[in-house]
Amino acid sequence: EVQFVESGGGLVQAGGSLRLSCAASGFTFDDYAIGWFRRAPGKEREGVSCISSRDEGTYYADFAKGRFTISSDNAKNTVYLQMNNLKPEDTAVYYCAVVHVRGFSRWAWWNPRRYDYWGQGTQVTVSS
C-alpha cells in the first residue's frame, strides 16, 4: 500500500523558511517521480516542484525558482522541499504526490491529473 507522511508545515513570517518532508512507503522510490503541489483557498491545485530519478531532473514552477529547492534521500524514501523567502501568497496546503516513471513527462510534471497517489497535505501559513 502506497502511503505518505507529510510534515514540516506551520506558521512562519514573511521572509522565513520551512522544510517540508514527504516520507513514502509501499513502492520503489527509484521507479517514481515525486511532486509537490499546493492548493490555496479558492484556487486550483498547482504544481510547485518535481524530482525524477529517471532523468535525474528537477522541475520548478516559476514562482518557486530561486526560492524553493527539492531534494530526495532515496535511502530514506523521503523527498524534501526547502522553501526560503516565503511570501504570504505561498500560504496553502502542500501535498506530495507520485507518478510512475512510465507515466511521467517532463513537459507535464506540473499537471496533477498525471499523478497516481497523493498525501494528505500539510498546511503552510505565511504571515505578513
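Index from 1, following the sequence.
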Which ILVMFWY residues can you reach from Y115 by hopping between side chains whose heavy atoms are under 4.5 Å apart? F37, Y59, V93, Y95, V99, F104, W109, W110, W118
Within a strict 4.5 Å, meaning less than it, do heavy atoms of the C96 and V79 side chains meet? no
I70 with Y80, same ILVMFWY side-chain cluster at under 4.5 Å: no
Where do F27 and V98 come nearest, in terms of heavy atoms and distance? CZ-CG1, 3.8 Å
Disulfide (SG to SG under 2.5 Å) contacts touching residues 41-71 (sequence neighbours left out): none
Rounded at 0.5 Å granularity, tell me how far CZ in R38 sits from OG1 in T91. 9.0 Å
Side chain to side chain donor-acceptor pair (under 3.5 Å) involving T125 - partner list, sequence neighbours excluded: Q123
Single-linkage hydrophobic cluster, 4.5 Å side-chain cutoff, W36 and V2 together: yes
Would you please name every residue forming a side chain to side chain donor-acceptor pair (under 3.5 Å) with T78, sequence neighbours left out? none
Considering residues at least two apart in sequence or located in another chain, which fulfil the salt bridge (charged side-chain N to carboxylate O under 4.0 Å, His left out) criterion with K43? none
Taking R114 for the side chain and G103 for the main chain, is one N or O donor matched with an acceptor at less than 3.5 Å? yes
For N84 and S17, which heavy atoms make the closest approach, and how far apart are they? OD1-OG, 2.9 Å
Would you say M83 and V124 make side-chain contact, with heavy atoms under 4.5 Å? yes
Taking all heavy atoms of E6 and all of Q120, pick out the closest pair and write down the distance. OE1-N, 2.9 Å
To the nearest 0.5 angstrom, please state how far the CD atom of Q3 sits from the CG atom of N77. 12.5 Å
Nearest heavy-atom pair of S72 and I51: which atoms, and what distance? OG-CD1, 3.8 Å
May I ask whether F63 and Y94 are part of the same hydrophobic cluster, defined by side-chain heavy atoms of I, L, V, M, F, W, Y residues being less than 4.5 angstrom apart, directly or through others? yes
Show me the pairs that pass salt bridge (Lys or Arg N to Asp or Glu O under 4.0 Å) and involve residues 71-89, at least two apart or across chains. none
Taking every non-hydrogen atom, the tightest pair across T69 and Y60: CA-OH, 3.4 Å
State, to 0.1 Å, how close G47 and A61 come at their nearest heavy-atom pair, and which atoms those are. O-CB, 3.4 Å
Within the distance-only criterion (no hydrogens, no angle test), does the side chain of N74 pair as donor or acceptor with the backbone N or O of D30 below 3.5 angstrom? no
What distance separates F68 CZ from L18 CG, expressed to the nearest 0.5 Å? 9.0 Å
Roughly how far, to the nearest 0.5 Å, is the CZ atom of R67 from the CG atom of L86? 6.5 Å
